[in-house]
Amino acid sequence: MKSTIVEKTVRDFLQALGQRNASKHTIKAYRRDLKEFAAYIGPRSWKQIDHVAIRGFLSRLYENGLDKPSVARALAAVRSLYRWLAQEGVVEQNPAALVSTPKLAKKLPRVPTIEEMNAVLDGQMPEVAAFPERDRMMLELLYGCGIRNSELIGINVEDIRLGDEAILIRGKGKKQRYVLFGNAVTVALKAYLPARLQVLSERNRSSSALLINRRGGRLTTRSVGRIIKKIAVAKGLSPDVHPHTLRHAFGTHMLEEGADLRAIQEMLGHERLSTTQRYTQLSIKHVLQVYDQTHPRAK
């Protein structure tokens with residue numbers, strides 16, 4: 001069966017995204033959403049697609065039982081497609097820009113307190129930790145440096161500058177930055193590196209990856225998520241904890257302890273300050289809780 005114009009264009013767009021080093025998760029989500037968009041639009045040309053047609057597509061998604069966040073994500077995919085079409089000179093206007101994004105309830109992530117994080121990191125790793133030295137180091141890096149899960153698994157041993165207490169991080173869009181670490185990360189690294197070499201020696205393997213599994217292979221983001229959740233729950237944290245929670249905790253706790261917002265932006269590798277400013281909201285929420293619990297006139 002012959003592909004429609006929209007189907008062909010979607011394939012080209014996804015290929016362009018891959019060449020621009022977009023994350024696999026983004027490409028996968030866009031592929032799914034734009035496949036549905038192409039199916040809904042059918043044989044229509046780009047000139048025949050207006051904002052009314054795009055609203056009709058969103059209505060169809062609602063009819064199929066999709067929730068607001070999923071519909072908002074699909075609209076974002078269509079808007080990105082149109083931005084690319086404009087860059088390629090295929091269209092002059094973006095009808096998707098005329099369609100309102102479904103209003104979502106703003107939910108701030110539940111961030112563990114400083115005391116809760118200390119309880120997780122102090123003392124022995126729980127019995128569920130299959131590779132205690134590695135797992136402690138993962139926790140220390142995620143919370144101590146505020147790096148993303150994808151950045152964590154991408155670290156190679158040669159990226160670590162132990163003497164300078166810094167690590168080269170490869171962020172989104174091939175952007176690189178150095179993140180600093182403190183004594184807790186240094187101690188965890190010094191305990192893990194010999195254990196890592198022992199595993200590789202036993203398996204008769206070599207690897208540039210800092211984080212390896214018991215077979216000597218590089219850890220995946222999924223494995224990291226599973227390990228972090230297991231340890232966090234064993235240490236008394238919520239089952240909702242995942243690697244990004246520790247990144248949120250890093251940003252929030254730094255702000256609470258007086259760090260400058262611009263410095264936090266640089267450490268987290270945020271392109272826009274507005275992304276970092278969400279931690280201000282989290283911090284204000286914490287301050288209000290402290291006020292309500294402690295001020296004699298608030299009780």
Side-chain angles (χ1 to χ4, degrees), residues 1-107 148-154 170-176 217-226 242-244 269-272 274-275:
M1 190 176 170
K2 195 177 176 184
S3 296
T4 65
I5 290 168
V6 176
E7 284 172 338
K8 282 179 187 172
T9 308
V10 165
R11 281 199 295 270
D12 292 342
F13 170 60
L14 293 171
Q15 193 175 357
L17 276 182
Q19 289 166 352
R20 280 181 2 214
N21 204 38
S23 80
K24 289 176 184 175
H25 300 296
T26 300
I27 295 171
K28 188 180 176 183
Y30 277 16
R31 180 177 286 113
R32 183 173 56 244
D33 292 332
L34 294 175
K35 184 182 176 184
E36 290 195 45
F37 176 65
Y40 175 80
I41 293 300
R44 280 178 270 189
S45 68
W46 292 111
K47 284 184 179 177
Q48 294 171 309
I49 305 167
D50 57 11
H51 65 283
V52 177
I54 294 169
R55 280 203 190 100
F57 167 59
L58 300 187
S59 297
R60 174 67 60 83
L61 295 180
Y62 281 124
E63 286 167 16
N64 291 343
L66 264 69
D67 56 13
K68 279 187 178 181
S70 301
V71 174
R73 189 197 63 213
L75 177 58
V78 174
R79 282 176 178 163
S80 293
L81 173 64
Y82 266 98
R83 278 195 294 272
W84 179 76
L85 286 168
Q87 288 166 11
E88 296 294 305
V90 178
V91 299
E92 290 179 11
Q93 292 180 321
N94 183 350
L98 301 173
V99 181
S100 309
T101 303
K103 281 198 165 59
L104 306 175
K106 285 195 175 179
K107 288 172 76 178
R148 301 175 178 94
N149 189 349
S150 56
E151 293 171 343
L152 175 71
I153 63 157
R170 294 167 190 82
K172 289 183 175 180
K174 293 185 178 176
K175 288 182 179 172
Q176 296 186 354
R218 188 185 288 267
L219 274 192
T220 63
T221 52
R222 187 170 291 181
S223 297
V224 171
R226 193 171 57 245
H242 47 80
H244 215 72
H270 284 160
E271 203 166 295
R272 298 181 182 87
S274 58
T275 311

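A quick note: this is a predicted structure, and the numbers were derived from the prediction, not measured.
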State, to 0.1 Å, how close [X] and [Y] come at their nearest heavy-atom pair, and which atoms those are.
X: R79; Y: S100; answer: NH2-C, 4.2 Å
X: R11; Y: S3; answer: NH2-OG, 3.2 Å
X: A29; Y: R73; answer: CB-CD, 4.2 Å

Determine the interplanar angle of the Y40 and F57 rings, folded into 0 to 90°, and report it as parallel if under 30°, tilted if 30 to 60°, perpendicular if over 60°. tilted

Nearest-0.5 Å distance that lies between atom [atom1] in [X] and atom [atom2] in [Y]:
X: L66; Y: L58; atom1: CG; atom2: CG; value: 10.5 Å
X: S223; Y: N149; atom1: OG; atom2: CG; value: 9.5 Å
X: Q15; Y: I27; atom1: CD; atom2: CD1; value: 10.5 Å
X: R31; Y: D33; atom1: CZ; atom2: CG; value: 11.5 Å
X: I41; Y: E7; atom1: CD1; atom2: CD; value: 11.5 Å
X: R55; Y: L75; atom1: CZ; atom2: CG; value: 10.0 Å

Please test D12 against T9 for side chain to side chain donor-acceptor pair (under 3.5 Å), starting from the C-alpha separation and ending with a verdict. CA-CA 5 Å; D12 292 342; T9 308; 5.6 Å; no

I want to check something: taking the side chain as every heavy atom from C-beta on, are [X] and [Y] in contact at a cut-off of under 4.5 Å?
X: Y82; Y: F13; answer: no
X: S150; Y: H25; answer: no
X: V10; Y: L81; answer: yes

Give the table of side-chain donor-acceptor pairs shorter than 3.5 Å for residues 84-96, with sequence neighbours excluded, one pair per line with atom names and distance.
residue: N94; atom: OD1; partner: A96; partner atom: N; Å: 3.0
residue: N94; atom: OD1; partner: A97; partner atom: N; Å: 3.4

Does Q48 reach the main-chain N or O of S45 with its side chain, forming a donor-acceptor pair under 3.5 Å?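 Answer holds: yes.
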
Polar contact flag, side-chain donor to acceptor under 3.5 angstrom, R83-S80: yes

